[in-house]
There are 2 protein chains.
Amino acid sequence: MLFHFKDKLPQLNHYWDKYLEFQKRIDVPAKTVLLKEGTVSGNYIFLEKGCIRAYINNNGVEKTVQFFFENEGLASLESFLENTPSLLTVETIESSIVYLLPKKFVNKLMADLGSEPGFVNMIIKMMAERQIHYMNEFVSFIRDTPEQRYLNLLHKKPHIIQRVPQHYIASYLGISRVHLSRIKSALTRKK
Amino acid sequence: MLFHFKDKLPQLNHYWDKYLEFQKRIDVPAKTVLLKEGTVSGNYIFLEKGCIRAYINNNGVEKTVQFFFENEGLASLESFLENTPSLLTVETIESSIVYLLPKKFVNKLMADLGSEPGFVNMIIKMMAERQIHYMNEFVSFIRDTPEQRYLNLLHKKPHIIQRVPQHYIASYLGISRVHLSRIKSALTRKK
DNA sequence: ATATTTTTGTAACAAATGTTATCGTGCAGG
DNA sequence: CCTGCACGATAACATTTGTTACAAAAATAT
């Protein structure tokens with residue numbers, strides 16, 4: 001659904017640079033919506049500074065699906081590729097600096113680079129990585145208890161826990177914020 | 001993680017045919033393990049007849065992740081691409097007829113077809129579809145109650161419910177088989 | 001046809017998780 | 001320096017879901 005991009009292809013920096021002029025650099029406060037659920041994704045979003053979350057709104061209840069930090073890029077893959085309305089809303093958590101690259105330039109870029117040796121393999125590898133990422137998230141949801149999921153996050157992505165407000169993390173873990181509080185206090189008591 | 005293959009590329013049937021001789025056709029009874037958790041995936045698996053499930057074993061408890069039916073193919077993408085041990089076990093539900101295509105021929109096939117016009121785009125599109133599939137599964141887990149997930153399955157993939165034993169479906173929905181029974185009886189009472 | 005295994009339903013109880021409400025803390029904006 | 005507001009902890013209670021156990025029905029093997 002969402003995929004990283006720019007940082008995966010450092011050896012093509014000279015290509016990226018050709019597109020820099022088409023990007024719009026914007027400086028936005030916290031809680032700014034960059035892509036709204038129900039609209040068609042028009043930009044590839046690259047995050048220079050700050051912190052973003054993607055969430056799905058289920059009759060008033062927001063369920064966070066993913067977090068993004070410095071030097072990560074994203075697009076709603078489904079919406080981007082198929083011009084369908086996005087299921088997700090993308091919103092800043094902190095005040096952030098982002099670059100927006102309109103879709104038509106992304107398409108041009110893909111066309112330009114299609115013949116570049118190794119480019120296609122890189123794209124495939126990138127996509128495989130994203131797929132494996134979601135597969136693992138999915139399996140973890142099926143297999144692990146919320147406590148285990150919290151501990152996984154703590155060990156594998158401590159920066160998320162340090163930087164993101166706890167109620168967003170709770171919704172990312174699929175639990176209520178009260179329950180996450182309980183899990184945390186149970187863990188400190190165990191130690 | 002798992003991806004369909006052969007049925008997506010009918011216009012390349014003459015290519016596939018070149019590889020048919022390398023495939024092994026086997027006829028196996030129900031509950032035959034085709035790929036065991038912890039081993040490296042060595043074959044692309046194509047299902048001619050029957051029914052297969054992929055599951056992950058969590059200290060004795062099996063969690064079903066996906067079902068496959070006639071004319072669907074699969075490989076543990078992660079294990080296949082990266083030669084890592086598979087997280088999943090793949091096992092027949094009914095007695096089935098499957099074709100196994102060893103990985104080295106799949107690799108050869110990819111190399112042979114790499115220059116074929118449109119082939120790469122097709123691969124990318126296929127992978128995007130798989131990614132969107134897992135994304136949707138993932139979102140559904142976060143967003144929907146077990147009852148909603150059951151109803152989704154009932155409406156969108158009724159063949160699964162008709163054909164697969166209920167306790168596998170329960171584990172696919174992420175709930176106990178008792179709870180699925182409760183959901184079903186609650187639904188019939190509502191009607 | 002009979003025996004055996006698999007699958008399903010249901011009840012009773014236990015554990016996990018959600019909901020609502022309240023309180024305290026810290027931080028951002030006036 | 002205040003004053004809200006966002007955030008997090010906790011308690012009490014409600015609901016959901018899991019677990020275990022048992023029985024019946026259905027499928028499969030002998």
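Note: hydrogens, waters and symmetry copies are ignored here, and every other heavy atom, side chains too, is used. Convention: sequence-line order gives letters A, B, ...; per-chain numbering from 1.
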Side chain of [X] only, please: which of [options] is the nearest?
X: B:K184; options: D:dG18, C:dG9, D:dG8; value: C:dG9
X: B:S185; options: D:dC7, D:dG18, C:dT10; value: C:dT10
X: A:V178; options: D:dA11, C:dG9, C:dT6; value: D:dA11

* Asked: Regarding A:R149 and the six-membered ring of A:F141, is the cationic atom NZ or CZ under 6.0 Å from the ring centre and inside 45° of its axis?
  -> yes
* Are B:M135 and A:F138 side-chain neighbours, meaning at least one heavy-atom pair lies under 4.5 Å? ->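 Contact flag for B:M135/A:F138 side chains = no.
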* Check whether any side-chain nitrogen or oxygen of B:Q166 sits under 4.0 Å from OP1 or OP2 of C:dT6, and answer yes or no. =>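 Answer is no, no contact under 4.0 Å.
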* Ignoring backbone atoms, establish whether B:H167 has a side-chain N or O less than 4.0 Å from OP1 or OP2 of C:dT6. =>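 The answer is no; no side-chain N or O of B:H167 sits under 4.0 Å from OP1 or OP2.
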* Between D:dT10 atom P and A:H179 atom NE2, what is the distance in whole Å? -> 14 Å
* To do: Can you tell me the distance, in whole Å, between the OH atom of A:Y168 and the C1' atom of D:dG8?
  => 14 Å
* **Any donor-acceptor N/O pair under 3.5 Å between C:dG18 base and A:R182 side chain** => yes
* Taking only Lys NZ, Arg NE, NH1 and NH2, and the carboxylate oxygens of Asp or Glu, determine whether A:R163 and A:E70 approach each other closer than 4.0 Å. =>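 Salt bridge flag = yes for A:E70 with A:R163.
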* Hey, does A:R177 reach any base, or is it just sugar-phosphate, or nothing, if we go heavy atoms under 4.0 Å? ->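 No contact.
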* Please work out which of the three classes, parallel, tilted or perpendicular, describes the rings of B:F69 and B:H159, given edges at 30° and 60°. =>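 B:H159 vs B:F69 ring planes: perpendicular.
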